[in-house]
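Predicted model, so just to flag it, every value in this text is computed and none were measured.
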Amino acid sequence: MKSLIEAFPNHITEAKAIVDNYTFKKPENTINNLIMCGLGGSGIGAKLVATWIADQIKVPVAVSNEYQLPAYANKNTLVICSSYSGNTEETIASIGDAQARGCHIMAISSGGQLKAICEENNYDCVIVPGGNPPRSTLAYSLVILVQMFADLGLIDPSNVDNLQATSTLLTDNQTEIRATGEDIAKFLYGKVGVLYSETKYEGVTIRARQQFNENSKFLCWQHTIPEMNHNELVGWGGGDERFAPIFLCTGDLNPRNQKRMDITREIVERKTGPAFCLEAKGENFIARSMYLINVLDWASFYLCEMNGADIMDIISIDYLKGQLANF
C-alpha cells in the first residue's frame, strides 16, 4: 500500500496515456441527465468528479450507490458504470437496469463481468491495470471520467489539463505532504476523528473516511458546512477531548461559509481543545482536492502503522460477500 500511495502522482499520467487511446462513441440521443454508478473505491471518483464539474455541466448529474437506477433514467440518460474488479454486484445490477431502459452506457473496469458485458454489447469500456485494491486506483477513475466528459463536450477540456498538472504539484510537494499526513495521524491516534469541509469538498472527506476505515481500521465521521450547522453543531454539547476534529482550510469558501467554519471551529474547540486545520495547496479546485486527497491517504497509512493494523486486511468485506453468496 505504501508503494501504491507513492505512485498516486504517476497514476495520473498513466491514466491519461490509457484514455488517450480511446475514441468514445457519441450518444445517439440527446443527453438530458447523467448517472455515475459505483461503490467504495470505485465509486468515490464519481463523487469527486461530480463536485468538480457541478458549476460547468448543463445537465443534472447523480451518483448511484445502489442496485437500481433512479426512476427518471431513460434513453436520454448517460450511465457510466465504474467497478474496478468488474464484478461489483450493485454495479452489475445497475448496468442491467440501464440496458433495460435504453440508456447510453460507458464503463471503467479492469475486467470481470463488466468488461464482458461491454464487449458483448459494444459499449465503451476503458480498461485499467488490475490486481490492486480498488481504493489505491482512484487516480485512474478520476482522469478517465474527466476525459470522458470533456470528449463528449459536456465540460471544458481545461479540466483535463488542470487534473494532469496535479501530478507535478504532488511530486514537487511530496516531502511536505507526507510530513503533514504523519502529523494528522498523530493528531488522530487514540481518538475519534471528525472531518469537516464546505459542501463542495465533501468528496474529499468521504474519501478520507473510507481510507481511514480500510487502511487504518479506524472509525470516524465527516460532515459539511453549512448543513452541520443546522443539526450536528448542537451535538457538540456532548463533545469532549475524545474527539479529534479536522477542518479543511482551502481558502476558496463562500464568504458566509468561511465565517460559519470559523465560528464552528471556535465552538468545537471549547470541547476538544485545538482542532487540526488542514491547509490545501493548488491553483484551482481540482488541484486543491488532489493535494488534500494525497495528504489524507498518507495520514491513513501512518495511522495504520500506529494502530499496528494490517493495511491490506478486508476480512469483514470478504465475510459479507461470502454470506451474500449464500443468499
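Remark: Gln68 CD is packed, more than 12 non-hydrogen atoms of other residues, nucleotides or ligands lying under 6.0 Å away. Within 6.0 Å of the OH atom in Tyr189, the count of heavy atoms belonging to other residues, nucleotides or ligands does not exceed 12. Atom CG of Leu219 has 12 or fewer neighbouring heavy atoms from other residues, nucleotides or ligands inside a 6.0 Å radius.
Lys281 places no side-chain N or O within donor-acceptor distance of the main-chain N or O of Asn173, the cut-off being under 3.5 Å. Checked by atom type and distance alone, the side chain of Asp97 pairs as donor or acceptor with a backbone atom of Leu69 at under 3.5 Å. A donor-acceptor contact shorter than 3.5 Å links the side chain of Glu269 to the backbone of Ala275. Checking side-chain atoms of Thr166 against main-chain N and O of Leu163 turns up a donor-acceptor pair under 3.5 Å. Proximity of a side-chain donor or acceptor of Asn307 to a complementary backbone N or O of Ser216 within less than 3.5 Å is detected. When atom types are taken as modelled, the side chain of Asn65 and the backbone of Cys37 share no donor-acceptor pair closer than 3.5 angstrom.
When all heavy atoms are compared, the tightest approach of Ala50 to Met36 is CB-CE, 3.9 Å. Shortest non-hydrogen contact noted between Leu188 and Gly193 is CD2-CA, 3.7 Å.
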Tabulate below the donor-acceptor pairs under 3.5 Å that side-chain atoms of residues 284-294 make, not counting sequence neighbours, or state none.
| unit_1 | atom_1 | unit_2 | atom_2 | d |
| --- | --- | --- | --- | --- |
| Asn284 | OD1 | Ile286 | N | 3.2 |
| Asn284 | OD1 | Ala287 | N | 2.8 |
| Arg288 | NE | Tyr201 | OH | 3.2 |
| Arg288 | NE | Asp252 | OD2 | 3.0 |
| Arg288 | NH1 | Gly282 | O | 3.1 |
| Arg288 | NH2 | Asp252 | OD2 | 3.0 |
| Ser289 | OG | Trp52 | NE1 | 3.2 |
| Ser289 | OG | Phe285 | O | 2.9 |
| Tyr291 | OH | Glu176 | OE2 | 2.4 |
| Asn294 | OD1 | Gln174 | NE2 | 3.3 |

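For Glu198 and Arg256, the salt-bridge test fails: no basic side-chain N is under 4.0 Å from an acidic carboxylate O. A salt bridge does not link Lys217 with Asp310: none of the charged nitrogens is closer than 4.0 Å to a carboxylate oxygen. Residues Arg178 and Glu182 are not paired through a salt bridge, judged by the lack of any N-O separation under 4.0 Å between the basic side chain and the carboxylate. Using a 4.0 Å cut-off between charged nitrogen and carboxylate oxygen, Lys321 and Glu89 do not count as a salt-bridge pair.
Other residues sharing the hydrophobic cluster of Ile225, ordered by chain and number and joined by side-chain separations under 4.5 Å: Val192, Val194, Tyr196, Trp221, Met228, Leu233, Trp236, Phe243, Phe247, Leu253, Met261, Ile263, Ile267, Val268.
Pairing of Cys249 with Cys277 by a disulfide is supported, the SG atoms lying closer than 2.5 Å.
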Apply salt bridge (charged side-chain N to carboxylate O under 4.0 Å, His left out) to Glu202 and Lys47, showing your working. CA-CA 8 Å; Glu202 183 178 21; Lys47 175 68 175 177; 3.4 Å; yes
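Between the NZ atom in Lys191 and the CG atom in Asp240 there is a gap of 9.5 Å [rounded to 0.5 Å].
Below 30°, between 30° and 60°, or above 60°: for Tyr22 and Phe24 the angle between ring planes is below 30°, a parallel geometry.
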